[in-house]
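Both ligands and their constituent atoms are indexed starting at 1 by order of listing. For the numbers below, each heavy atom of this structure counts, side chains included, while hydrogens, waters and symmetry mates do not.
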Amino acid sequence: MNIEPIIKDFKKYNQSPQDEEMIRKAFQFAKISHQGQKRYSDEDYIGHPLAAAKILTRLKLDGATIAASLLHDTLEDDAAHPMDQEEIERHFGKDIVFLVNGVTKLGKIKYHGVAREAENLRKMILAMAQDIRVILIKLADRLHNMETLHYVPERKRRRIAQETIEIYAPLAHRLGIGEIKGKLEDLAFGYLWPEEYSWIMANVGNRYEEREKYLEKVTPIILAELKKENITPLRFDYRAKHYFSLWQKLLKHEMNLDLMHDLVAVRLILPDLASCYGALGAIHKIWKPLPGRIKDYIALPKPNGYRSLHTTVFCQDEKIVEFQIRTQEMHAEAEYGIVAHWLYSESGKTGKKIETDEQNLAWVKQLSEWQKEFSKPEEFLERLKIDFFQDRIFVLTPKGQIIDLPEGSTPVDFAYQIHTEIGDACAGAKINNRIAPLNTKLKNGDVVEIVIQKNKKPSPDWFEFVQTSFAKNRIRKIIKQSKFSGLSQWEAEKIPRAELRIVFERDRIGLIKEVSSVVSASKINIENIFNESKEKGSPLCLTLRLREKSQLPPLVTKIKGIKGVAEISHKLIVKT
Ligand code: MN
């Protein structure tokens with residue numbers, strides 16, 4: 001196992017000696033890191049990063065991505081000789097350590113196999129990765145793992161296949177990388193639906209052959225017709241439909257294979273846009289199209305950016321054949337998605353019209369817009385940073401449910417996102433198991449737990465920091481209904497507040513809950529709970545909203561009586 005085949009592939013599209021040197025060095029490091037380590041297949045582990053790098057050179061990715069793919073498992077604890085981040089940074093620089101680290105972190109996201117969470121998980125992966133190259137490496141990693149899944153112990157196979165079909169294949173689809181998407185799905189298919197898979201294999205195999213023989217016969221007729229119109233295709237081939245997508249389609253058509261007109265489709269790659277439409281006309285001149293089956297995805301691309309002309313015609317001997325007609329650039333986009341722009345950035349000025357309907361996520365729209373913008377590979381690399389995700393964050397409930405929030409959101413926004421009542425009753429929050437102020441800005445991947453006080457009302461000063469309009473509206477509404485009604489937010493501010501600082505003899509489970517229920521029993525609203533410092537056992541601080549100052553002394557006495565409370569100090573704040 002050596003690096004030469006990859007260097008050879010890489011040099012076909014990138015001749016930088018520095019990049020070559022970096023890839024060779026990454027290979028040496030990976031070899032050391034995985035020395036003596038085996039895959040389930042009993043193959044030397046280094047074969048896996050090499051396979052990932054191979055997939056990525058086929059996508060013609062930059063040197064940093066190739067080097068990072070070779071290093072992608074070296075930070076893992078179960079590497080034979082795990083590297084550390086500093087080491088990689090010292091030898092390979094910030095860019096590569098970022099990519100390697102990103103791939104390692106993605107591997108740690110837990111997948112619970114709940115389909116309804118899949119969409120959020122996909123979004124979270126994208127947001128956490130920040131750089132699409134991280135995802136491309138992850139996809140290459142996953143593709144090779146799927147190719148070798150039969151070596152993995154049986155009990156693990158299903159989960160990995162499920163994760164592939166729910167998360168990684170749709171991610172590849174979103175990025176427009178049809179080639180990887182189709183392969184991932186077909187590989188997972190057999191593990192998830194073995195019977196259906198065998199049925200497809202048994203029934204489709206000879207049909208594919210039959211179709212190909214037939215199309216061989218038809219080819220000269222098509223080429224002759226195109227020649228009459230002065231159209232010379234750059235490429236002409238047939239493409240067999242991927243098994244999984246065929247099965248999906250069959251499910252909608254009572255498993256009737258005779259209705260599958262695109263089992264094998266003819267693909268015409270043409271030099272320019274005009275000849276695409278020219279070829280469509282030429283084909284329709286000799287064979288009648290099936291009504292409603294002409295699709296112009298050039299004028300109206302699919303949400304993931306796919307562009308092509310499709311038509312289904314009654315071909316020779318009245319057999320039904322699907323044609324896909326597109327330019328080289330569109331073809332590369334369909335197979336390699338956004339990666340394709342590396343190859344075709346110079347010809348990327350065809351003035352393509354991208355329209356997406358409203359159901360599509362905003363980022364798909366932005367992605368399409370953004371695809372049009374750059375003109376140089378370096379610029380593209382820069383733009384690969386997924387800046388359009390920077391305005392969303394994804395945080396988790398203690399049970400692992402993912403909550404999608406705007407950037408700058410706080411635990412209060414989080415609480416309202418879960419349930420209105422939880423928002424209203426929100427008294428404090430734990431972020432990653434530490435008590436934190438309610439105005440803390442949440443970060444991607446934070447685990448947030450809300451401390452609830454029964455019958456609590458939202459606090460007017462939450463307005464200052466909440467981000468979601470849902471939380472804002474709710475707080476406004478409740479305050480209006482409450483006894484502060486008629487008072488403006490600022491007038492409400494004049495109501496006395498108190499701050500408590502409680503020192504514990506020792507921390508124990510349930511202590512915070514006990515304190516907050518004593519406060520509730522006194523009919524006082526908690527505005528905020530937080531620890532004074534990050535140190536373990538640091539004093540607990542509470543901000544309270546009183547109805548009158550006289551409520552405070554009896555409350556202090558009651559809290560003093562709680563077991564484990566060593567001392568309590570308090571102060572009144574009255575804004576004027
Ligand atoms: Mn790996």
Side-chain angles (χ1 to χ4, degrees), residues 1-3 5-6 9 23 25-59 61 63-85 87-88 92 96-111 121-122 125-126 128-129 131-153 156-169 171-172 175 177 179-181 183-184 187-188 191:
M1 284 189 218
N2 67 65
I3 191 72
I6 287 172
D9 279 359
I23 292 169
K25 195 164 130 193
F27 175 65
Q28 291 309 326
F29 269 67
K31 229 164 67 175
I32 293 165
S33 178
H34 299 301
Q35 188 70 53
Q37 196 179 343
K38 295 276 185 188
R39 297 267 292 169
Y40 280 118
S41 58
D42 211 37
E43 184 195 46
D44 284 339
Y45 197 90
I46 190 71
H48 167 63
L50 276 173
K54 179 119 188 112
I55 292 164
L56 294 167
T57 47
R58 264 219 321 275
L59 294 177
L61 285 162
T65 310
I66 306 301
S69 70
L70 290 165
L71 295 165
H72 84 266
D73 278 330
T74 59
L75 290 177
E76 296 288 352
D77 303 333
D78 47 11
H81 310 281
M83 304 259 159
D84 57 52
Q85 282 190 50
E87 210 174 348
I88 293 182
F92 297 95
I96 290 181
V97 80
F98 174 84
L99 296 175
V100 177
N101 203 15
V103 178
T104 309
K105 275 204 304 207
L106 284 191
K108 295 201 161 63
I109 295 179
K110 283 221 180 71
Y111 171 73
L121 192 55
R122 275 196 290 279
I125 289 172
L126 284 165
M128 287 180 79
D131 184 328
I132 289 183
R133 292 179 300 170
V134 171
I135 297 182
L136 298 174
I137 298 170
K138 189 71 200 163
L139 288 174
D141 170 50
R142 179 51 62 115
L143 183 53
H144 184 245
N145 284 338
M146 286 304 296
E147 282 165 353
T148 50
L149 193 61
H150 54 286
Y151 294 115
V152 171
K156 291 185 171 179
R157 290 181 202 158
R158 217 191 134 77
R159 183 190 55 82
I160 295 170
Q162 188 88 29
E163 196 180 66
T164 299
I165 219 146
E166 284 188 10
I167 312 294
Y168 291 101
L171 261 178
L175 299 175
I177 313 169
E179 195 194 55
I180 290 187
K181 179 223 175 206
K183 280 186 182 166
L184 286 174
L187 287 163
Y191 294 98

Examine all N, O or S atoms of Glu76, backbone included, and report whether one is under 2.8 Å from the Mn ion (ligand 1).
no

Strictly under 2.8 Å, is the Mn ion (ligand 1) approached by any N, O or S atom of His144?
no

Using the Mn ion (ligand 1) as the vertex, how large is the angle between OD1 of Asp141 and NE2 of His48, rounded to 10 degrees?
80°

Determine yes or no for a side-chain-to-main-chain donor-acceptor pair under 3.5 angstrom, with Tyr191 supplying the side chain and His150 the backbone.
yes

Within the side chain of Arg142, is there an N or O that forms a donor-acceptor pair under 3.5 Å with the backbone of Ile160?
yes

Check ion pair Lys183-Glu147 (N to O, under 4.0 angstrom)
no

Ignoring hydrogens and angles, tell me if any N or O in the side chain of Glu179 forms a donor-acceptor pair with the backbone of Leu59 under 3.5 Å.
no

By atom name, which N, O or S atom belonging to Asp73 lies closest to the Mn ion (ligand 1)?
OD2

